[in-house]
Colleague: 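This is the structure I want to talk about, given as C-alpha cells.
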Amino acid sequence: MVSRVIPVDPFDLVIFGGTGDLARRKILPGLYRRYWAGQLPDDSRIVGASRREMTDDEFRQFVREAIEEFAIEGKDDAPKIDGFLKLLSYNAVDATGDQGWKELADKMREDVVRAYYFSVGPSLFGHLAEHLHKYKIAGNHARIVVEKPFGHDLKSAKDLNATLRKYFAEEQIYRIDHYLGKETVQNLMAVRFGNVLFEPLWNALYVDHIQITVAETVGVGGRGTYYDKSGAMRDMVQNHMMQLLCLIAMEPPHHFEPDAVRDEKLKVIRALDPVGPQDIVRGQYSGAEGIDSYFTDVEDERSTTESFIAMKLHISNWRWKGTPIYVRTGKRLKTRASEIAVVFKHPPHSIFGENPNDRRGNVLVIRLQPNEGMNLRVTIKEPGPGGMRLIEVPLDMSFAEALGPEAADIPDAYERLIMDVIRGNQTLFMRGDEAEAAWAWADPIIESWEKAGDRPKLYDPGSAGPEEALMLLYREGRRWRDIRE
Ligand code: BG6
C-alpha cells in the first residue's frame, strides 16, 4: 500500500486547555505523529493556552513527555521531536477575564489558517468565543473545535449552539465526535457506497437485525465526577453510538461532502422511534476481589447512574421499518471490542431438507477495534463425504493483514480530525442540528428513568453485562454475538 501524505496548509492552532489531559494524551501526540509523517509544514504554529503560567520551554518539555508517553511506537527520532517542538509556544490566558488575550492576539498571523481548539469544559466555550471575537482574532476563516459533551440535554445543547453562533458561522464550528475519525467507521461508508454487493440487501426485507456493540474493559475510575452525571446514555449512546447507527442506516448521500452526509444522518435520528422501558436495560458494575465497584469509583453508594446500557431501537422509514437495531455499550466488560454486525435473514426455503441448522443467515461484521476488519459469515458444504452437510465459515479480512504494515499504522481518530479542521472539511463533524436531534431523542428516555427512580441492574466486572440484556434478544429468538467471536 502506498502512503499518500498530503501536507496541509500552514496554520496557527491554539489549544485552549493545552495542558489538560486530552491535549496531553491525544491532541499533542497526534499532532506530533502528523508532523513525523510529513504532513505539517514547518511554518505552522501550535500555541498551548491555559490559565496556568508557564514558559515556552516548560510547555515544550510538557509536550516532549507527552510524546514520549503516547506517540512513540518507532517514531522517537530526536531530530523530529526537536523539529516539532519548535512549532510550539505557550500563552497563559484567562478564559473568563482579559488577562493574556492581547499577547495571544499579537501572535496570530493574518495569512494562514487559524484554528482554536476548545479542549475545556463546555461552561467556558461561550467565554472563549466571546474573547476571540473581542480581540478580533476570530475572523471569517477561523475555525473553532469543540469537544464533547456537547450539552447535557436538548436545552443546554441549544443554548450552546446559540452562544457559539453569536460569534461563528456553522461552517466555522467543528463539533468533534472522535468515533467519526476512526478508520473503520469511515470504512462503513466505503463498504456500503463503494460496492454494489451490499446495498441492494441493506434493508428490512433482507436484514433480520443489526447489533452495535462498544464494549470496554476499563471502569470510570479517575473520571467519576464527570461520568456519574452522564452515564452511558449521555457519554456514549447520544453521540458515538448514535453516529454509528446513522452511518449504518442512512440513505446514500448524493456526494461525500459535509452537508450531504449530515443531512442523511439527521434523517435517521429524526426517524428513530421513542424507546419504552421494556426495550432498555441499564446496568452498573459491581466490585470483585481487587476490582472497585462503580459505587467506589464514583464515591457515592446511592448513585443510580448506568455504566452499561442495552436497547432495542426502531427506525420508522421505508428502508428499516420492522428491523430492530440493538445497541449495547458498557464499562468493565469482559473484553474491549467494538463492532457492528448486520445479521441477514435466513434463506426463504431450504432445498437441503428440513434440518433447522441448515437454515442459516449471513452475518457481516465490521470490527471497529481492536484488529480493524470485516468478516462475512457464509454457508458452505462441509468438505468430504457424508452427504450435504452445511457449515458456516468466515470470510475474514483483517485490514492489517490484507493491506500490509502501513495499515497497522493508520492515524488515530484525533489526528485525522485535526487535519480535517485545518483542511476545512466538516464531513466528519457533527452539525448543530444533529446534536440537537440526538438530544431530542435521548431526553425523554433519561427523564423517564429519573421520574420512575429507575435503578440499574448490577453486573459482575468481566461479564457481558446484566442477564436482562441477554433477555432483550432471547425473548425474540435472537442472541447477542459473543464479542470474542
Ligand atoms: C469517550 C467517552 O468519548 O469515548 C469514554 O467519554 C469512552 O467514556 C471513550 O471510554 C471510548 O473511546 P475509544 O476510542 O477508546 O473507543
Side-chain angles (χ1 to χ4, degrees), residues 17 20-27 29-30 33 69-71 117-122 145-152 157 174-188 212-247 282-285 292 294 297-298 303 305-310 327-340 366-373 410-418 428-430 434-435 438-439 442 446 456 461 465 483:
D21 200 48
L22 184 70
R24 191 175 74 88
R25 286 170 178 277
K26 295 283 184 187
I27 305 173
R33 282 167 52 109
E69 192 171 350
F70 298 107
Y117 199 126
F118 293 6
S119 175
V120 295
V145 185
V146 295
E147 264 299 331
K148 87 175 243 282
F150 196 81
H152 192 69
Y174 288 70
R175 295 175 194 79
I176 283 221
D177 182 311
H178 80 279
Y179 265 57
L180 288 177
K182 287 182 189 277
E183 184 73 16
T184 328
V185 174
Q186 292 169 75
N187 233 327
L188 267 177
I212 305 179
T213 301
V214 175
E216 299 186 276
T217 49
V218 291
V220 303
R223 300 168 73 221
T225 318
Y226 151 77
Y227 192 92
D228 202 39
K229 289 199 213 90
S230 303
M233 183 70 175
R234 287 188 170 102
D235 184 54
M236 295 293 293
V237 178
Q238 185 272 347
N239 36 72
H240 304 325
M241 309 290 283
M242 183 64 79
Q243 291 296 324
L244 297 180
L245 172 76
C246 286
L247 296 182
R282 300 167 72 224
Q284 194 182 64
Y285 58 83
D292 284 339
Y294 182 83
D297 278 345
V298 302
S303 170
T305 304
E306 76 285 350
S307 59
F308 173 98
I309 192 163
V327 303
R328 63 178 163 164
T329 182
K331 304 229 179 252
R332 281 254 189 276
L333 298 178
K334 65 180 170 191
T335 182
R336 174 174 186 261
S338 304
E339 62 163 50
I340 298 172
I366 297 150
R367 282 192 307 268
L368 307 180
Q369 59 192 27
N371 187 18
E372 291 91 342
I410 45 185
D412 156 74
Y414 276 93
E415 290 171 48
R416 177 190 316 275
L417 293 175
I418 298 170
L428 300 176
F429 294 82
M430 269 190 302
E434 265 184 86
W439 281 121
I446 299 172
I483 40 191

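Side-chain atoms are counted along with the backbone in the values below, which use heavy atoms only and exclude waters and symmetry mates. Order of appearance sets the numbers: ligands from 1, and atoms from 1 within every ligand.
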Colleague: We want to know whether D297 and Y285 form a side-chain donor-acceptor pair, criterion being a heavy-atom distance below 3.5 angstrom.
Modeller: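 A donor-acceptor contact under 3.5 Å links the two side chains.
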
Colleague: Quick one: closest heavy-atom pair of S307 and Y294, and the distance?
Modeller: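 Closest approach of S307 to Y294: CB-CD1, 4.0 Å.
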
Colleague: State which residues pass ring pair (Phe, Tyr, Trp, His ring centres under 6.0 Å) with Y174; sequence neighbours excluded, sorted by chain then number.
Modeller: F429

Colleague: Ring pair (Phe, Tyr, Trp, His ring centres under 6.0 Å) with F70: which residues, sequence neighbours excluded?
Modeller: none

Colleague: Can you list, by chain and residue number, every protein residue with a non-hydrogen atom closer than 4.0 Å to ligand 1?
Modeller: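 Within 4.0 Å of ligand 1, the protein residues are K148, H178, Y179, K182, E216, R223, D235, M236, H240, K331, R336, Q369.
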
Colleague: Can you tell whether the side chains of E69 and R24 come within less than 4.0 Å, N to carboxylate O?
Modeller: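 Between R24 and E69 there is a salt bridge, with a charged N closer than 4.0 Å to a carboxylate O.
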
Colleague: Who pairs with Y179 by ring pair (Phe, Tyr, Trp, His ring centres under 6.0 Å), at least two apart in sequence or on another chain?
Modeller: H240

